[in-house]
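Both backbone and side-chain heavy atoms feed into the values below; hydrogens, waters and symmetry mates do not. What you see is a predicted model; the values in this text were computed from it and never measured.
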Amino acid sequence: MALLKKPEITAWLNASLEASGFRHLEPLPQRIWKDAVRAGKNALPPGFFGLLWERLTHKTAGTHRERAGLPIEEELLARLARIPGFEHLEGLFILRGARPPEEFTAGVFAQVLDRLPGFHSPAIQMASLDLESVLEQPAAPDPAFPAARHLQTVYQDALSRLAAAPLALTPVDLFEIGHPHLFRSPADRTFYRRMMAGVSGLAHWATGVFTLKEESAMVVAQFGEPQILPLGGYDSLTTKGDISSLLSSELGFIDEEMAVDLFDLKFCENQLLYFKREEGAVFRIRRDITVDLELTPFFEHERHLGLLFAWCFVLAERLMETFIKDAVRVFFQFRGFTPSAFREACAFFRFFLEEKGIFKRIFLSSLGDPPADFQSARAQGWKLGGPPDERLKHIPVSFPQSDAFAAADPLEQERELGASIVQILKQMIGHADR
């Protein structure tokens, strides 16, 4: 497997750019393309990348010329555009505005290109220094180098791989692609995928209809705080609200033919517009909940650690959903054994909560203490798990860490953990009104 000489590199670049209708690429798209080549996509044609750049960002990738056109290139672009979720990649840039940060753009394209099949060829191998030299000062192209034939082969291989293993971008993929700053290392990406697989499985079992009792006058007097809520007519527009206040024009982003449409993407990014209504004061209950978990070497296994944080996330979400009118804060207190990847997992989980907009309501002991006023006399205090505290309402809780649980089928593990969340909610509802 020989490396291309500089004249051959020039011939390859020229053939691709000419076929795609470019004279050259602008500095940023050229840098991102070059990084992708260095990262392993050695046969990624620069012209193809330029067209992909323009399709997603709706900005020019470079100086244009009359396009020679390659039917197979157009077929590949059309096939990519039909991938489920692909249209949301355009939405990522639309939501970022006219000038998205270069780091964001580079991060998104790095993840997109990493997911695309193909673009490897033993005939297209370049040394980084030679490629850099050609980009700075092109050498005369080698007329004998069959660049057009190699270009055809690369595209055909990419199409064949795409047909053999159809690509689809799930909501989990789109979150990962749209938040490149969260994934600072491959370990972050692995942990995120394991955690979200657990979240998906747990959420199926951690469901139910719960009816809250009306709090006693004592609970309202001791733990209630005035809250300004929309009670009257419309006042202005905002990016926060409930479905009843949604601007009707936002429904135009719904496309029932797509598994995840632009409406879903705007919802995840808190970009939907709502009517803000005139406000009035009511009372909500302050509830501070400590979840006390003792860890063992069971969590040294990466999947078990991902399952732990999936359980924590689903539990916190269900608590906030169940007591939706209240001021709920959750503190996860971890004791005992510290898995080797635990601190990194906690740090990533914290970043994840920030992106979800709930980091001010969920706290981890590994990242510091909860707020100074947490579980003060002004809040109804709860403790889930650990030894009882006479000052707090206590519910026995433990995360299963036995050999039998470890050997169980993943679906059975998720069912058991989801059921434990439902049981916690039922017990809390039974004692929350007094």
Side-chain angles (χ1 to χ4, degrees), residues 1-57 59-77 79-80 102 105-164 186:
M1 185 171 60
L3 296 176
L4 298 184
K5 299 180 177 62
K6 292 180 182 181
E8 295 172 330
I9 295 175
T10 302
W12 164 254
L13 301 184
N14 288 353
S16 172
L17 292 172
E18 181 178 349
S20 304
F22 292 101
R23 295 187 183 278
H24 60 79
L25 298 181
E26 296 291 337
L28 180 58
Q30 179 175 279
R31 176 170 65 84
I32 296 174
W33 165 78
K34 182 175 61 178
D35 290 343
V37 170
R38 288 173 169 173
K41 295 286 186 181
N42 61 290
L44 178 66
F48 172 81
F49 177 77
L51 295 175
L52 183 65
W53 167 283
E54 295 187 341
R55 175 72 63 90
L56 296 182
T57 67
K59 295 179 175 61
T60 182
T63 303
H64 285 268
R65 63 189 297 175
E66 184 178 352
R67 185 178 178 185
L70 267 181
I72 195 169
E73 180 183 64
E74 295 170 358
E75 181 183 352
L76 179 58
L77 285 168
R79 186 81 62 86
L80 290 176
E102 290 189 3
T105 302
V108 168
F109 272 102
Q111 293 204 47
V112 171
L113 294 173
D114 183 57
R115 286 169 167 80
L116 295 186
F119 300 111
H120 307 281
S121 171
I124 307 297
Q125 300 287 335
M126 297 171 279
S128 294
L129 289 178
D130 288 341
L131 176 60
E132 197 75 49
S133 175
V134 169
L135 291 175
E136 291 179 1
Q137 189 172 1
D142 181 355
F145 183 72
R149 177 162 55 83
H150 289 316
L151 195 60
Q152 188 84 11
T153 301
V154 166
Y155 283 138
Q156 186 59 60
D157 177 66
L159 275 171
S160 300
R161 291 175 183 271
L162 194 59

With side chain to side chain contact (heavy atoms under 4.5 Å, CB included) as the test, would you mind laying out the steps for Val134 and Leu13 before giving the verdict? CA-CA 9 Å; Val134 169; Leu13 301 184; 4.0 Å; yes
What's the shortest heavy-atom distance between [X] and [Y], and which atoms?
{"X": "His64", "Y": "Gly62", "result": "CD2-O, 3.4 Å"}
{"X": "Pro46", "Y": "Trp12", "result": "CD-NE1, 4.3 Å"}
{"X": "Ala148", "Y": "Ala15", "result": "N-CB, 4.4 Å"}
{"X": "Glu54", "Y": "Ala61", "result": "OE2-N, 2.9 Å"}
{"X": "Ala106", "Y": "Ile32", "result": "CA-CD1, 3.6 Å"}
{"X": "Ala139", "Y": "Thr10", "result": "O-CG2, 3.0 Å"}

To the nearest 0.5 Å, what is the distance between [atom1] on [X] and [atom2] on [Y]?
{"X": "Leu76", "Y": "Gln156", "atom1": "CG", "atom2": "CD", "answer": "10.0 Å"}
{"X": "Ile72", "Y": "Leu77", "atom1": "CD1", "atom2": "CG", "answer": "11.5 Å"}
{"X": "Ile124", "Y": "Leu151", "atom1": "CD1", "atom2": "CG", "answer": "8.5 Å"}
{"X": "Leu70", "Y": "Tyr155", "atom1": "CG", "atom2": "OH", "answer": "6.5 Å"}
{"X": "Gln152", "Y": "Asp157", "atom1": "CD", "atom2": "CG", "answer": "12.5 Å"}
{"X": "Asn42", "Y": "Gln125", "atom1": "CG", "atom2": "CD", "answer": "4.0 Å"}

Is any side-chain heavy atom of [X] closer than 4.5 Å to a side-chain heavy atom of [Y]?
{"X": "Leu17", "Y": "Leu25", "result": "yes"}
{"X": "Leu116", "Y": "Leu44", "result": "no"}
{"X": "Leu113", "Y": "Leu52", "result": "yes"}
{"X": "Leu51", "Y": "Phe22", "result": "yes"}

Keeping to residues at least two apart or across chains, list the side chain to side chain donor-acceptor pair (under 3.5 Å) pairs with something in residues 132-143.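 Every side chain to side chain donor-acceptor pair (under 3.5 Å) pair that includes a residue of residues 132-143, provided the two are not neighbours, is Lys6-Ser133, Lys34-Glu132, Arg38-Glu132.
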So which pairs with a foot in residues 13-27 pass side chain to side chain donor-acceptor pair (under 3.5 Å), sequence neighbours left out?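 Of all non-adjacent pairs touching residues 13-27, those that pass side chain to side chain donor-acceptor pair (under 3.5 Å) are Ser20-Glu73, His24-Thr63.
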Among residues two or more places apart or on two chains, list those pairs meeting ring pair (Phe, Tyr, Trp, His ring centres under 6.0 Å) that have a residue in residues 109-137.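 Output for this query lists Phe48-Phe119, Phe49-Phe109, Trp53-Phe109, Phe93-Phe109.
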